[in-house]
2 protein chains.
Amino acid sequence: MIKAATKKIAEAETTTQVAQETPTSTDNESATDKVAEAITQGIRTGIFVPGQHLLEPDLTRRLGISRGSLRESLKHLAAAGIVTLNRYRGAYIGLLDRTATLQLLDTLEPLARLAARLAAENCKTPAAQSKIEHALAALERATRSGNRAHYLESRRAFYDAMIDLGGNRELARVIPLSRTDLFRAQIETVQSDVQRKRHASGYGPIAKAIVAGDPKKADMAVKKHFDGTRKTMSELPDNIFPTMT
Amino acid sequence: MIKAATKKIAEAETTTQVAQETPTSTDNESATDKVAEAITQGIRTGIFVPGQHLLEPDLTRRLGISRGSLRESLKHLAAAGIVTLNRYRGAYIGLLDRTATLQLLDTLEPLARLAARLAAENCKTPAAQSKIEHALAALERATRSGNRAHYLESRRAFYDAMIDLGGNRELARVIPLSRTDLFRAQIETVQSDVQRKRHASGYGPIAKAIVAGDPKKADMAVKKHFDGTRKTMSELPDNIFPTMT
DNA sequence: TCGTCAATATCGTTTGACGATTTGATCAGA
DNA sequence: TCTGATCAAATCGTCAAACGATATTGACGA
């Protein structure tokens, strides 16, 4: 049975299509950055599955780049925690067990709350308010659409808008380095619709508090959002997490 | 589609190993990792100065590695914010202006406070307590010695001990990705002795609260420490920061 | 059935090469 | 003299090929 599963993974690897050139990509991007972007996008869209083994020869063929550039990309992604490198064994898409997920939430929460507070403090102009509201509207639209990649993209866009509004560059640098995208991509595939809805509904109060310019309320809204996520986590069965052997 | 992805997760579970890196120091370091370590250490010792331009030919000669490996290292360091890469212009050791420094403190503070709380909660055994006390003793010794590299090293070791004790792996991953080392290395060269002493004295109460197993007090001690650092920052003249051209 | 050992696949690293871009100096003209 | 264009050198981004090192796999024999 192990063999069969392995074969299925192999099939998925070989039949996976290269992510077509992103229409929004700028020409200023280097090849290695484009590859990194392709992989992160592939995780969002489900082309790459958490835990999947990435083979250098395969990736170089599919992405049409040299091995050196690919390895630079993998180094970059490894530093961001998206892939893990095992010496002489290659790269794997990151995989979070239950403990790692809870620790991720503990780490991310204070950063997200800081981001919300800063955003609320700086949300004075109508332009800023509309940016948050637009991001929220897009997120709600994506939630209704049921398209997983679209939802994950909008969710990240909402965070980006919030962080950008706050104006703290270091925060903007660090938050994406937490493995939130990985966590979301992994959970998104296993949670129920009601859990998904619960999670998505948490962004409304956050946006409202930010637009109202109320840092304290924004902070609390984010805290509540994280508490809800922890609740969802506690409801998920053990078998969706990798087993440590 | 979501169903399919779920199935993929299940398959990945059975066929892929949990990417679990060995937390302790492993000697199976690759050359690129060693180079990255050499550069960060070089920053601590003052061999590399913030803002310095790193030339690939020079570094390959000096470090005795190939260009490919060096570039992988630089990619890793860039992801960690230690160096910044400019297309066709090369790599520069990161440089923080006053605003970036304050934003760095704002971002790092909640993480450090979380680390202190977790450490205090888990500091039940005598072994754990002695580890913190040893780290503090080494830090105080380094402070008295006046050796800058030694002090920066001990300071990081103290943080590492605290983070390790807390047991949150994600926090352990994210905190080094903030550019604290860069900030410290930059400030260390310009602050006065009284400022240096003030900063170093902040670690005593933190360690004491952790050893006492008092999360709340540890949290407050870290907050005070950061407030002191902000005060030091406000006392530093503008001319020590890079001028934005 | 289980352990041993060779074959294979993949990774880590080096070397060399080529075009693309920036940089700095040179030089002509106002 | 100053200004601007021109050109050569330096450096970077990328590719290709190769070699040893290591892990994985599968066959073989006890």
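Proteins get letters first, then strands, A, B, ... in listed order; numbering begins at 1 in each.
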Task: Check: C:dG16 base within 3.5 Å donor-acceptor of B:R67 side chain - done: no
Task: From A:R62 atom CZ to A:I47 atom CD1, the distance as rounded to the nearest 0.5 Å - done: 8.5 Å
- [ ] Report the nucleotide, chosen from C:dT13, D:dT14, D:dC12, that has the shortest atom-to-atom distance to any side-chain atom of B:S30.
- [x] C:dT13
Task: Nucleotide of D:dC12, C:dG12, C:dT13 approaching B:S66 most closely (side-chain heavy atoms) - done: C:dT13
- [ ] Would you indicate whether A:R169, at its atom CZ, is surrounded by more than 12 heavy atoms from other residues, nucleotides or ligands within a distance under 6.0 Å?
- [x] no
Task: Rounded distance in Å - CZ (A:R71) to P (D:dG13) - done: 18 Å
Task: Of the listed nucleotides D:dC15, D:dC12, C:dT14, the one nearest the side chain of B:Y88 - done: D:dC12
TODO: Compare side-chain N and O positions of B:R89 against OP1 and OP2 of D:dT11 and report whether any pair is under 4.0 Å apart.
DONE: no
Task: Donor + acceptor pair across side chains of A:H199, A:R184 (<3.5 Å) - done: yes
TODO: Indicate the ring-plane relationship of B:Y159 and B:Y203, choosing parallel, tilted or perpendicular according to the 30° and 60° boundaries.
DONE: perpendicular
Task: Sugar-phosphate, base or nothing in reach of B:L54, heavy atoms under 4.0 Å - done: sugar-phosphate
Open item on the list: From CG of A:D33 over to P of D:dC12, roughly how many Å is that when rounded to an integer?
Closed with: 16 Å
Open item on the list: Is any side-chain heavy atom of A:R173 closer than 4.5 Å to one of A:E170?
Closed with: yes
Open item on the list: Please tell me if A:S69 has a side-chain N or O lying less than 4.0 Å from either OP1 or OP2 of D:dC15.
Closed with: yes
Task: Euclidean distance, atom CG of residue B:L55 to atom P of D:dA10 [Å, nearest integer] - done: 12 Å
TODO: Name the pairing partner of D:dG26, where a pair is Watson-Crick or G-U wobble with both distances under 3.5 Å, or state none.
DONE: C:dC5
Open item on the list: It should be established whether A:R87 places a side-chain nitrogen or oxygen under 4.0 Å from OP1 or OP2 of nucleotide C:dG12.
Closed with: no
Open item on the list: Let's see if you can work this out: which of C:dT13, D:dC15, C:dG12 has an atom nearest to the side-chain heavy atoms of A:I65?
Closed with: D:dC15
- [ ] Just call it for A:G68: base, sugar-phosphate, or nothing, with non-hydrogen atoms closer than 4.0 Å on any strand.
- [x] nothing
Task: A:N86 CG to D:dA21 C1', straight-line distance once rounded to whole Å - done: 16 Å
Open item on the list: Between P on C:dC11 and OH on A:Y92, what's the gap in Å once rounded to a whole number?
Closed with: 9 Å
Open item on the list: Output the rounded distance in Å from CG (A:L85) to P (D:dA23).
Closed with: 15 Å
- [ ] Let me know the distance between NE2 of B:H53 and P of D:dA10, rounded to the nearest Å.
- [x] 15 Å
